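Okay, structure first, notes after.
Just so we're clear, the structure is a prediction, and the values are computed from it rather than from any experiment.
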Amino acid sequence: MANLADHLFRQARERGDKTALVFGAESWTFARMAERVRAVAGGLAAEGIGKGARVGLLVTARPEFIFLQQALFALGATVSPLNTFYKESEILHVVESCDLDHLVVAAEFVDRMPPADAAGTETLRNIIVIDPFDAAGDRRLVAHADGAPIAGPVDLADDAIGLMLNTSATTGKAKGVMLSLANIRENYDRSPGWLGLNSDTVTLCALPLYNTFGQNQCINALMVTGATLVLLPRFDAMQCIEAIERHHCTFFPAVPTMLQKVIDHPEAPRHDITHIKRIMTGGAPVPATLLERIYGTMGADTVIITGYGLTEGTALATTEEIVLDAEGKVRRPKS
């Protein structure tokens, strides 16, 4: 019996005073984060969310996403993060195809919610809004508030569905991929070891949190290792450069275009970005010239790992550490 939120509460016990999360000028220790999650879970439980609930989560990359997700895990719910660029029709499709019975959304997305009488919303009990909002007569909308803190995570069987991630819909409509606790333990929880991450790691996260890349290399890696996560609300090359220098970030998971924009930024030479010691990249072919430039900019001791993964396979399927030859060229550029 286990729960996906167990990692957070273990870190709160073992290194409660350590900084876990940094967002702008505010930071949270593991103890403070666990306390917040207990209270958030209490409020969600008061709205009828419990073991086996299927909950869509539509929140941008900010601390509330993490608190809500961990709280939902602790209650035993299945969490389905929604792409923040989804339109009303796409949200409706996910509600219907994943049989969601609750949506937890930021107020900025309320106007994208499908109509109450729309076909396919029969399972949807309510929409919990986490920010101040005007209900405008929609009785499904419920304002979220913290509740009496829960004691701790509920126990779940290994085959319980923890995450239902939606595919990128490259061949049609998005499909909900059901990931069990065992799936996540055998892939997500092992990933930090494959990538050489530990409690000393300071991760820069500029990835969307609804995608398996951000879910795995940012949120879950934080919880498993006890590292520190520096979270940006969106990708911006200059903000990444400043965050690396200010917080001495050591790990940067990013798609190739993000790396290209950081390396090419005209301000990059004026800042110290050599704190980065490990990079995980994938999601698209990675040009050998880009990899060589990263080594040239960040130093020969940088570890660059490319990976292939897919939501249907939980996350990572293959990884390769990039090696340069004696002339500074990628040894296996086509691999």
Sidechain-backbone polar pair: Thr314 side chain, Ile184 backbone, donor-acceptor under 3.5 Å: no

Pro266 backbone acceptor or donor facing Arg270 side chain under 3.5 Å: yes

Thr274 backbone acceptor or donor facing Lys277 side chain under 3.5 Å: yes

Flag side-chain contact, heavy atom, 4.5 Å: Asp158 against Ser180: no

Joint cluster assignment, Val230 & Val255, ILVMFWY side-chain distance < 4.5 Å: yes

From Asp6 atom CG to Phe73 atom CZ, the distance as rounded to the nearest 0.5 Å: 11.5 Å

Nearest non-hydrogen partners of Ala221 and Thr225, listed with the distance: O-OG1, 2.7 Å

Distance, nearest 0.5 Å, that separates CD1 of Ile305 from CD of Glu320: 10.5 Å

Candidate pair Arg10 and Asp189, rule salt bridge (charged side-chain N to carboxylate O under 4.0 Å, His left out), full reasoning: CA-CA 14 Å; Arg10 172 174 56 83; Asp189 289 3; over 6 Å; no

Arg331 side chain to Val323 backbone, donor-acceptor under 3.5 Å: no

Distance-minimising heavy-atom pair for Gly307 and Leu316: CA-CD2, 4.4 Å

Passing candidate, side chain to side chain contact (heavy atoms under 4.5 Å, CB included) with Thr250, options Val202, Thr203, Leu204: Val202

Donor-acceptor under 3.5 Å (Glu292 side chain, Val330 main chain): yes

Check: Asp272 main-chain N/O paired with Glu245 side-chain donor or acceptor under 3.5 Å: yes

Taking every non-hydrogen atom, the tightest pair across Phe30 and Gln11: CD2-CB, 3.5 Å

For Glu327, all residues meeting side chain to side chain donor-acceptor pair (under 3.5 Å), sequence neighbours excluded: none

Contact check, side chains of Asn166 and Glu90, non-hydrogen atoms, under 4.5 Å: no

Side-chain heavy-atom pair Arg293, Gln260 within 4.5 angstrom cut-off: yes

Sub-4.5 Å side-chain heavy-atom contact between Ile219 and Phe65: yes

same_hphob_cluster(Leu207, Leu165) at 4.5 Å side-chain heavy-atom cutoff: no

Atom NZ of Lys261: over 12 foreign heavy atoms under 6.0 Å: no

Whether Lys51 side chain and Asp155 backbone form a donor-acceptor pair below 3.5 Å: yes

Heavy-atom side-chain proximity of His102 to Asn126 below 4.5 angstrom: yes

Spacing of NE2 belonging to His144 relative to CG belonging to Leu68, to within rounding of 0.5 Å: 6.0 Å

Expected output: side-chain Thr212 to main-chain Ala315 donor-acceptor under 3.5 Å: no

Residue pair Val55, Leu44: steps toward the side chain to side chain contact (heavy atoms under 4.5 Å, CB included) verdict: CA-CA 11 Å; Val55 185; Leu44 295 172; over 6 Å; no

Residue pair Leu163 / Val79, side-chain heavy-atom distance below 4.5 Å: yes

Note, Tyr295 side chain near Ile322 side chain (heavy atom, < 4.5 Å): yes

Interatomic distance, Gln217 atom CD to Asn211 atom CG [nearest 0.5 angstrom]: 10.5 Å

Beyond-backbone contact of Leu232 with Cys240, side-chain heavy atoms, under 4.5 angstrom: yes

Sidechain-backbone polar pair: Glu35 side chain, Met33 backbone, donor-acceptor under 3.5 Å: no

Donor on one side chain, acceptor on other, Lys18 and Thr228, under 3.5 Å: yes

Shared hydrophobic cluster for Ile161 and Leu103 (ILVMFWY, side-chain gaps under 4.5 Å): no

Atom pair CZ (Arg62) and CG (Leu21), whose distance is rounded to the nearest 0.5 Å: 13.0 Å

Smallest separation among heavy atoms of Cys249 and Ala243, with atom names: SG-O, 3.6 Å

Joint hydrophobic cluster, Val40 plus Leu222, side-chain heavy atoms closer than 4.5 Å: yes

Parallel, tilted or perpendicular: rings of Trp28 and Phe67 (30°, 60°): perpendicular

Ala157 to Leu181 - nearest heavy-atom pair and separation: O-CD2, 4.0 Å

Salt-bridge contact Arg32-Glu26 (side-chain N to carboxylate O under 4.0 Å): yes

Shortest non-hydrogen contact between Leu4 and Gly162, atoms and distance: CD1-CA, 3.8 Å

Side-chain (Arg278) to main-chain (Leu197) donor-acceptor, under 3.5 angstrom: no

Same cluster (ILVMFWY, side-chain, under 4.5 Å), Ile49 and Val37: yes

